[in-house]
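The structure appears right after this line, and notes come after that.
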Protein chains: 2
Amino acid sequence: MNQQHPQKKTTIYDLAELAGTSASAVSAVLNGNWKKRRISSQLAEKITRIAEEQGYAVNMQASLLRREKSRIIGMIVPKYDNRYFGSIVETFEIMARERGLFPIITCTLRDPDLEVEAARTMLSYQVEWLISTGATDPDRITDICLAAGTRSLNLDLPGTKATSIISDNFAGARELTKRTLTNLKRKTGGMSPLLFIGGRGSDHNTAERIRGFRMAHQDLGVPIEEHHILACGYAPEKAAQALNMMATAEGSVPRGMFVNSTISLEGVMRWIQSSAQFVGAPPIIGCFDWDPFVALLGHDIEMAQQDVSGMLKAAFDVVEKDGGDRRLIEIPPIFA
Amino acid sequence: MNQQHPQKKTTIYDLAELAGTSASAVSAVLNGNWKKRRISSQLAEKITRIAEEQGYAVNMQASLLRREKSRIIGMIVPKYDNRYFGSIVETFEIMARERGLFPIITCTLRDPDLEVEAARTMLSYQVEWLISTGATDPDRITDICLAAGTRSLNLDLPGTKATSIISDNFAGARELTKRTLTNLKRKTGGMSPLLFIGGRGSDHNTAERIRGFRMAHQDLGVPIEEHHILACGYAPEKAAQALNMMATAEGSVPRGMFVNSTISLEGVMRWIQSSAQFVGAPPIIGCFDWDPFVALLGHDIEMAQQDVSGMLKAAFDVVEKDGGDRRLIEIPPIFA
DNA sequence: TTGAAAGCGCTAACAA
DNA sequence: TTGTTAGCGCTTTCAA
């Protein structure tokens, strides 16, 4: 990475010289506040033209150093290569830009140490807000931000020390379970308890979804099989492995399933294809998450789509209102 | 976004005062080059401890302003919410960090103006390299970078003014077409020309893939239907609409198809489901792109997976070797 | 082994 | 209406 053309970049001093004026005039013009500085429109025009000609680009480092507010907003996110998080970051960027904020995003691979490191890096860049998405330890990050006087906010997974915006996991899971049980009845004539698979028992979302799962069973008068609740982690392999163990231990796996994310669904589908259990009697699935190809290609798969733009709208509301309180905002997922 | 705690952040001067030493000593210690400055390890330790206690975080803006090299590397990318680009950005971040570079990424929604604006913003942040991924006008971006003395590189779609790293579209499409024609023969007993759908006729990748598509037909002695080559754009709706028009005009659509991306595949699948044409005789598809759920749930869909990590490895090779020449590097896609 | 001081490019208060 | 100037927090050279 040796600078091949160590070419000095044009500065406002260069422009000032070319325009026969001062750096401060150039700065004012280029920042768009030349009317309040009452600079003549001719000078303004001249400066703008010269800047254009020179291909001038402001040095953000210098500008930010001098300014008191960075207008940078940071987000950390566990993964990119997934439709849910992908659309979160995409929407985040768009909304940030609409509000004149500069978004910076880092992906932390669900690694707690990386999360902390990423948070510190964001602070070094003087972010005004940090949004922790799906963080393994949100409160840790809030503490780090608090110590630096930076505000933060949790998305997707809640923490106790900052406002959290999450899906309404309980109500969503209850509805999804109800729908899946109903689908099962339609296909098989009866309702038997579903298998719950995927997610971490220790995380809030999974716990709430399990609660909704139980409640829906109760609503419909279906008993629960306690040993059929498998919070085995999110990774596809974990889900496949859990199904495999159950199949070996019990000889079969329930036909109706509640799958806790598309990530887990990947493992579930893989296992289903490799096992011979479901030939002629395909599983009836409810998935708490959405993917277009599953929606298109998956038969008998009901999906709860988390309302990404609703969640981010809520997040930016908090940012703009400068919400200093700690609230838990729950956004209902969307059913097709 | 009013700073609620306008809390002055701790600087190296604060630390220096607390440690009873100078700012320059603090700086040296915190940068890890205190051995070459021959600072006593006691002092170093003391400074480190105090910095820790104070939750000190360097101000990157100030640091970067003073340094000559930013070690920031930028990437612009058309979309996030797609497995291909998702894994590109994820891999990019990981590889950048491994090399001690700070990655900043922006998504430009295939909007040429946004691409230019994003490029300028990246230059403002003093990126040392800019990687334009799937840009609509890569040469424009290269020009902007050149003018600022910043190096750039094209990924996924090539340009003529900077090194470009892309999939081997011709060979990949030829192989994919061959496989799809063979699948068609296996299912139907014969080979009839495939439909080509998706992508922009004006982009290099689509042109090369059409060339490979033609060549494979020729290899296998299958004629080409010229009016069955539909470079109708990438968006799902475009593909669905193109199929619709063809079905209305010709009464049917070929059973064998070459689909130019998973994005287009979304539209193709949607149309197939809504049309009655393929009941009992499902289409035989080859898709130039990969998605895990399509691989799992799609029947008779062959996929060419672009070698994301191979492409990025090549990109970072160029960055590290500081390759100033313009080359076209083609990476073969992967078949299951 | 350590400190003083200059200056990176910019913004904003103050002078003119 | 415009220019001068003092830093923003840091790195780095030079002097001690």
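Residue numbers start from 1 in every chain, and the chains themselves are labelled A, B, ... in the order their sequence lines are given, proteins ahead of strands.
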Exercise. Does CZ belonging to Arg327(B) count more than 12 external heavy atoms closer than 6.0 Å?
Worked result: no
Problem set entry | Passing option when Arg49(B) is tested against Glu52(B), Glu53(B), Glu45(B) for side chain to side chain donor-acceptor pair (under 3.5 Å) | Glu53(B)
Exercise. How bent is the helix from dT1(C)-dA16(D) to dA16(C)-dT1(D), comparing axes over its five end pairs at each side, to the nearest 10°?
Worked result: 40°
For this session: Let me know the distance between NZ of Lys46(A) and P of dT1(D), rounded to the nearest Å.
Result: 17 Å
Exercise. Tyr125(A) OH to dC10(D) C1': how many Å, rounded?
Worked result: 14 Å
For this session: Please say whether more than 12 non-hydrogen atoms of neighbouring residues, nucleotides or ligands are located less than 6.0 Å from CZ in Arg120(A).
Result: no
Problem set entry | Annotated protein contacts, base or backbone, on nucleotides 10-16 of chain C with a non-hydrogen cut-off under 4.0 Å, one of B, S, - each | BBB----
Exercise. Could you give the CG-to-P distance, from Leu15(B) to dG9(D), as a whole number of Å?
Worked result: 12 Å
For this session: Give a yes or no on whether the backbone of Asn59(A) and the side-chain of Ser63(A) come within a donor-acceptor separation of less than 3.5 Å.
Result: no
Exercise. Where the side chain of Asp143(B) meets the backbone of Arg140(B), is there a donor-acceptor pair that is under 3.5 Å apart?
Worked result: no
For this session: Tell me yes or no: between the side chains of Ser87(B) and Asp81(A), is some donor less than 3.5 Å from an acceptor?
Result: no
For this session: Considering just the side-chain nitrogens and oxygens of Thr21(B), establish if one lies under 4.0 Å of OP1 or OP2 belonging to dT2(C).
Result: no
Exercise. Gln42(A) has an atom CD; how far is it from atom C1' of dT2(D), in whole Å?
Worked result: 13 Å
For this session: Mark yes when over 12 heavy atoms from residues, nucleotides or ligands other than Arg110(A) sit less than 6.0 Å from its CZ; otherwise mark no.
Result: yes
For this session: Report the distance from atom CG of Leu65(B) to atom P of dA6(C), rounded to the nearest whole Å.
Result: 17 Å
Exercise. Can you tell me how far the CD atom of Gln306(B) sits from the CG atom of Asn205(B), to the nearest 0.5 Å?
Worked result: 7.5 Å
Exercise. Rounding to a whole Å, what distance do you find between Gln61(B):CD and dG9(D):P?
Worked result: 12 Å
Exercise. Rounded to whole angstrom units, what separation is found between the CD atom of Gln54(B) and the C1' atom of dG9(D)?
Worked result: 17 Å
